[in-house]
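Structure record follows, encoded as structure tokens.
Labels below follow one simple rule: chain letters A, B, ... track the order of the sequence lines, proteins then strands, and each chain is numbered from 1.
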Amino acid sequence: MRLTEYFLPTLISDPKEHETISHKLMQKAGLIDMTSSGIYSFLPIGLLVLRKVENILKEEMDRIGAIELLMPTLTPSSLWKETGRWTEYGDDMFRVKDRKGTEFSLAPTHEEIICDIVRGRVTSYKKLPLAFYQIQTKFRDEPRPRAGIIRGREFLMKDAYSFHATEESAETTYKRFFEAYRRIFDRCGFSYIIVEAEAGLIGGSFSHEFIAISDSGEDTVFVCPKCGYSANSERCEVGVRQIEDPNDGELKEVYTPGLITVKEVSGFLKLNPEQLIKTLIYKQDSEFVAAIILGTDELSEKKLKKVLGCKELKLAKKEVIAEVTGAPAGFSGPIGLPLKMIADNSIKGRKNLVVGGNKIDTHILGVSCGRDFEPGFFADIKIAKNDDPCPRCEGRLEAKRGIELGHTFKLGTKYSQAMNLVFLDETGREHFIIMGCYGIGVSRIVATIIEQNCDDRGIIWPPALSPFDTILININPEDFAMRSLSDEIYSILETEGIKVLYDDRIESPGKKFADADLIGIPWQIIVGKKATKENIELCERKTKNKEFIRLDELTGRIK
RNA sequence: CGGGGUGUAGCGCAGUCUGGUUAGCGCGCAGCGUUCGGGACGCUGAGGUCGGAGGUUCGAAUCCUCUCACCCCGACCA
């Protein structure tokens, strides 16, 4: 491709208002153009990269026997009403009406659609298992689009859905997808981790997130560098912390007028916030419980819900707290509390604590767990923090930011029950089809690659994803000798199937080098005054190392 | 939805507080010439309803009211 005949709108100055490195570079290098918040056009070289990612996805999906199809973007509300998601999705769903007033959704995902396709057509165990995949645009009216195409309102996604007669089959397919995802992320050259997203279903864990490590990420994940344990922040287990307290103290009430937060109380009492404990009152289904954690921790509602084994869990309302504890919110404490109490592991054996007095403007000092109050049981109910002990070894957890690129789920029969997807087994008995689903953010992958592969000059594409194999820079296209040599190199490489971006523009050399570095094509062939067929300069974008080789060696070197 | 911020030429910005000729600057763009190994130089030129609506005023980019769009932090979220 001759650059003089192409469309590559690069920018010199940084686009304003954008913080994320990949977002800046994608705009600067002319990969994308914002049409509206969270809605982007892919410009020519951006699209080339997107297609490369798609091809990798297709190859790996095909390899495990998933079948590609394409579903509509505009989907009738009737399907969504079958599963209740017409209501559940709320404002995140884009909705439109047709001329007759019938309501449609711009599909945010496609479980309902694929189920409708399979329903009635796959009714025998003989036709199972089946796995489909789609690569298409999805729509979510995100409350806050951010970081360019990392969180857009319109984005390209690869989703896959599998259908099974048995749990074993679902598990086998799940593992296949899991391995396919590993290959995909390896081929893209990501530094990524896989975290358990939902532990403890029967037969093991069946939901995983594939997260690329990046400071621009939205999720916090924890990794143990010693044993490799990893999990997202809400679910990450925490090992036992060793906190040594002085001896038991004497109970003492203190007057703490209007001091509610841990910061306020510890500041007022001039105590380490680790001496404070928080007592949170929750409504569990129809009864109330107290969750007790360290003042410096945050409660993980997911963990609490799991240990309580309840369906609904909500922080109690202010009036209720006053009623059950005898004091306004902020002064709850475990002593004499007539509720079921669950304490975090880190409370066990602690002495000399500060707790709420269950009395307005009052806290109690010198409290020992076991002596002054006895929780119903101890469990790990806090959100992990950086440097917490690893639950599996004696290492320390490291908090990292990450971008969620893929998520695999075992869905079970949630959708097949709602939409009546049934099949007959060998004995003629009817069962619901068991499902799995497996998503990857395709456009998000492009941004993430840039996050992980760039320097102060611009993007550095991994060869497998670069929009072109090489860029050919003619320093001075008005010079006859340089032009003939460049033209010859260009036509030879093209003939040999190498994708060349040929910078034949009449521009200053500096501009050409800067653009080449910005758009990040892995190899730069530079034709200057001294170049001959025997002496062609080849520069590697990543290292900026230069070598001089013969024309007939070029193809082999680049491929 | 809460908090903070920005809208002036294709891009990046100044001017707004303290209203007053014809709204500026850099880059980019067009023409001519000189250059040609790290965003070159000279000359000439094109390009703006100052986000939008309403108001105050003799006079509004500037003051007031409303509104729209976008960005960042948080809440929310596959």
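The only member of A:I149, A:T448, A:V53 that meets side chain to side chain contact (heavy atoms under 4.5 Å, CB included) when paired with A:S443 is A:I149.
Across all strands, A:D479 comes closer than 4.0 Å to no nucleic acid atom at all (heavy-atom distances). Nucleic acid contact class of A:K544 (heavy atoms, under 4.0 Å, all strands): base. Residue-level contact check: A:T109 touches neither bases nor backbone, having no heavy atom under 4.0 Å from any strand. Counting non-hydrogen atoms under 4.0 angstrom, A:R457 reaches a base of the nucleic acid. Residue A:M34 is classed as a sugar-phosphate contact, given heavy-atom separations below 4.0 Å to backbone atoms only. Counting any heavy atom pair closer than 4.0 Å across all strands shown, A:Q524 reaches no nucleic acid atom. At the heavy-atom level, A:D14 lies under 4.0 Å from the strands shown only through sugar-phosphate atoms. Using a 4.0 Å heavy-atom criterion, one finds that A:F139 contacts no nucleic acid atom at all.
B:G52 and B:A61 have their C1' atoms separated by 14 Å, given to the nearest Å. Between B:G39 and B:C11, the two C1' atoms lie 14 Å apart (nearest whole Å). Spacing of P atoms, B:C72 relative to B:C29, comes out at 29 Å, to the nearest Å. For the C1' atoms, the distance from B:G12 to B:U6 is 14 Å, rounded to whole Å. On the C1' atoms, B:G28 is 13 Å away from B:A46, given to the nearest whole Å. Atom C1' of B:C25 sits at a distance of 14 Å from the matching atom of B:G48, rounded to the whole Å. Taking atom C1' on both B:G19 and B:G2, the two are 35 Å apart, rounded to the nearest angstrom. Separation of the C1' atoms belonging to B:A9 and B:G4 is 29 Å when rounded to the nearest angstrom.
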Query raised in the report: When you check every protein heavy atom under 4.0 Å of nucleotides 31-37 of chain B, what one-letter string (B, S, -) results, 5' to 3'?
Result: ----BBB
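Partners of A:S13 by side-chain contact (heavy atoms from CB on, under 4.5 Å), not counting sequence neighbours: none found. Under the side-chain contact (heavy atoms from CB on, under 4.5 Å) criterion, A:A399 pairs with A:T220, A:F222, A:N386, sequence neighbours left out.
Taking the six-membered ring for Trp and the full ring otherwise, the centers of A:H208 and A:Y174 sit less than 6.0 Å from each other. Here the two rings, on A:H23 and A:Y40, have centers that are under 6.0 Å apart. Between A:F178 and A:F210, the gap from one ring centroid to the other is short of 6.0 Å.
Under the Watson-Crick and G-U wobble criteria, each requiring two contacts below 3.5 Å, nucleotide B:C11 is paired to B:G26. Look at B:G19: it lacks any Watson-Crick or wobble partner with both distances under 3.5 angstrom. In this structure, B:G42 forms a base pair with B:C32, meeting either the Watson-Crick or the G-U wobble geometry with both donor-acceptor distances under 3.5 Å. The nucleotide B:G37 finds no pairing partner, because no Watson-Crick or G-U wobble arrangement with both distances shorter than 3.5 Å includes it.
Applying the 4.0 Å criterion to OP1 and OP2 of B:A69, one finds that A:S36 has every side-chain N and O outside that range. Residue A:R146 has a polar side-chain atom (N or O) positioned under 4.0 Å from OP1 or OP2 of B:C73.
Residues A:G412 and A:S416 approach most closely at O-OG, 4.4 Å, considering heavy atoms.
Out of B:G12, B:C73, B:C70, the shortest distance to the side chain of A:S13 is found at B:G12.
Here A:D92 does not pair with A:R85 in a salt bridge; the nearest charged N to carboxylate O distance is not below 4.0 Å.
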